[in-house]
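Structure first, commentary second.
Proteins get letters first, then strands, A, B, ... in listed order; numbering begins at 1 in each.
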Number of protein chains: 2
Amino acid sequence: MVKKYNIPVEAALEVIGGKWKVVILCHLIKGTKRTSELKRSMPTITQKMLTQQLRELEADGVIERKIYQQIPPKVEYSLTEYGWSLKGILDSLCAWGEKHIERNYDDKSLVLVEG
Amino acid sequence: MVKKYNIPVEAALEVIGGKWKVVILCHLIKGTKRTSELKRSMPTITQKMLTQQLRELEADGVIERKIYQQIPPKVEYSLTEYGWSLKGILDSLCAWGEKHIERNYDDKSLVLVEG
DNA sequence: TGCAATAGGTACTTTAAAGTGCCTGTCCCC
DNA sequence: GGGGACAGGCACTTTAAAGTACCTATTGCA
């Protein structure tokens, strides 16, 4: 039985919905990142959630995982060509988030960590 | 204590995140809608979730609630000016969802209800 | 007279998302 | 030889999101 959508946008939400995926993609849009770099960029994500979300994004074809056969392990994540088709959405979301903060808080350093 | 964001896009997700808000906004972008119209457009949402999400969107200033003092009750929802600043994001999300379905399914009528 | 339509409210329960804690293995450095 | 960096896996638990069920009120209509 195939998943049914009442409106096509639900298909997009299935790929980038949830608490972390958009954030991860916003980091990867700035360039290829190692697992540990991503983790440092997202201090509150757990190792498990990071791996899980990366796996799902990979399964949906929007990111790519490159393993370097070395010790200690090195794994890099980057957007696929298909993932780059999300760039417009991600850029707009980031910009809107900034404007939203400016609109709602006089001093945005109050809401942005290390801001 | 104020909520802290590690990256501004998190502020956007707080407003339009979750299972229903983007879908609701995608309907309202087509024009003002009554509660019952929204409900009919989203057959699987429950009355409670619809009301709850509408209240939150209203509290965030992206939609407006207009009550007509009549019996039976009539309530209309529409985007506020601030809500319209989301138009670009919503349009792109809808378009991406459509392309994603076309990319992943040969026959999109299989995944779109009443499609 | 009894039901449908309208737009909810509220208490409770379920389920899915997210988080915790502990485990692997190898190499380098102190 | 103990600890950290690296990239996870796995079992379990917690919490937040979502869903169910039942309640309000008024009017018109069959």
Side-chain angles (χ1 to χ4, degrees), chain A residues 1 3-7 9-25 27-28 32-60 63-78, chain B residues 1 3-7 9-25 27-28 32-60 63-78:
Chain A
M1 182 62 175
K3 175 88 184 217
K4 291 268 184 183
Y5 306 114
N6 291 289
I7 192 177
V9 78
E10 290 176 357
L13 296 179
E14 205 159 63
V15 176
I16 63 166
K19 187 176 175 180
W20 295 112
K21 286 178 182 175
V22 164
V23 176
I24 292 173
L25 293 172
H27 284 296
L28 290 182
T32 299
K33 294 266 182 303
R34 294 186 60 169
T35 315
S36 52
E37 289 182 276
L38 285 172
K39 178 73 192 69
R40 272 189 292 271
S41 306
M42 297 179 277
T44 59
I45 200 174
T46 59
Q47 169 73 50
K48 184 203 134 189
M49 284 309 293
L50 179 57
T51 309
Q52 188 180 105
Q53 303 301 299
L54 288 168
R55 291 288 173 284
E56 292 179 15
L57 289 169
E58 194 190 356
D60 282 320
I63 70 169
E64 218 164 17
R65 181 162 176 254
K66 184 168 178 189
I67 305 147
Y68 293 81
Q69 269 305 144
Q70 62 186 52
I71 295 284
K74 177 174 173 182
V75 176
E76 280 184 348
Y77 292 94
S78 55
Chain B
M1 181 62 175
K3 174 88 184 219
K4 291 269 185 183
Y5 305 114
N6 290 291
I7 191 178
V9 76
E10 289 176 357
L13 296 179
E14 205 160 63
V15 176
I16 63 166
K19 188 176 174 179
W20 296 111
K21 284 177 181 175
V22 164
V23 176
I24 291 172
L25 293 172
H27 284 298
L28 289 182
T32 299
K33 294 264 183 302
R34 295 185 59 169
T35 315
S36 51
E37 288 182 277
L38 285 172
K39 178 74 192 68
R40 272 189 293 273
S41 306
M42 297 180 278
T44 59
I45 201 175
T46 60
Q47 168 73 49
K48 183 203 133 189
M49 284 309 292
L50 179 57
T51 309
Q52 189 180 104
Q53 303 301 299
L54 289 168
R55 291 285 173 286
E56 291 179 15
L57 289 169
E58 194 190 355
D60 283 320
I63 69 169
E64 217 163 19
R65 181 161 175 253
K66 184 169 180 192
I67 306 147
Y68 294 82
Q69 269 306 144
Q70 61 185 54
I71 296 282
K74 175 173 173 182
V75 176
E76 279 184 348
Y77 293 94
S78 56

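Side-chain contact between A/I24 and A/M42 is present, with at least one heavy-atom pair separated by less than 4.5 Å. Contact check for B/T51 versus B/Q47: side-chain heavy atoms found under the 4.5 Å cut-off. Under the 4.5 Å side-chain criterion, counting only non-hydrogen atoms from C-beta, B/H27 is not in contact with B/E37.
Mapped onto DNA chain D by nearest heavy atom, A/K48 and A/R55 fall at different nucleotides, with A/R55 at the one closer to the 5' end. Both A/P72 and A/W20 lie near DNA chain C, and the one whose nearest nucleotide falls closer to the 5' end is A/W20.
Atom P of nucleotide C/dC27 and atom CD1 of A/I71 are separated by 6 Å, given to the nearest angstrom. Rounded to an integer number of Å, the gap from OH of B/Y77 to P of C/dT6 is 14 Å. Straight-line distance from the CE atom of A/M49 to the C1' atom of C/dG21: 16 Å, rounded to whole Å. The NZ atom of B/K39 sits 14 Å away from the C1' atom of C/dA5 (whole-angstrom rounding). Rounded to whole Å, the distance from NZ on A/K74 to P on C/dC27 is 18 Å. To the nearest angstrom, P of C/dG9 lies 10 Å from CD of B/Q52. Rounded to an integer number of Å, the gap from B/Q53 CD to C/dG9 C1' is 16 Å. In this structure, the CD atom of A/Q69 is 14 Å from the C1' atom of C/dC27, given to the nearest Å.
Side-chain atoms of A/K39 come within 3.5 Å of backbone atoms of A/I45 as a donor-acceptor pair (strictly under, hydrogens ignored).
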Before giving the answer on salt bridge (Lys or Arg N to Asp or Glu O under 4.0 Å), spell out for A/E56 and A/K21 the whole-Å C-alpha distance, their side-chain angles and the decisive distance to 0.1 Å. CA-CA 9 Å; A/E56 292 179 15; A/K21 286 178 182 175; 2.7 Å; yes
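Remark: A/L38 CG to A/Y77 OH distance equals 8.0 Å, nearest 0.5 Å. Taking CD from B/Q52 and CH2 from B/W20, the interatomic distance works out to 12.0 Å, rounded to the nearest 0.5 Å.
Of the candidate nucleotides C/dT10, C/dA18, C/dG8, C/dA18 has the atom lying nearest to any side-chain atom of A/K19.
Protein chain B contacts DNA chain D from D/dA18 to D/dT27, reading 5' to 3' and using non-hydrogen atoms of the protein with a distance under 4.0 Å.
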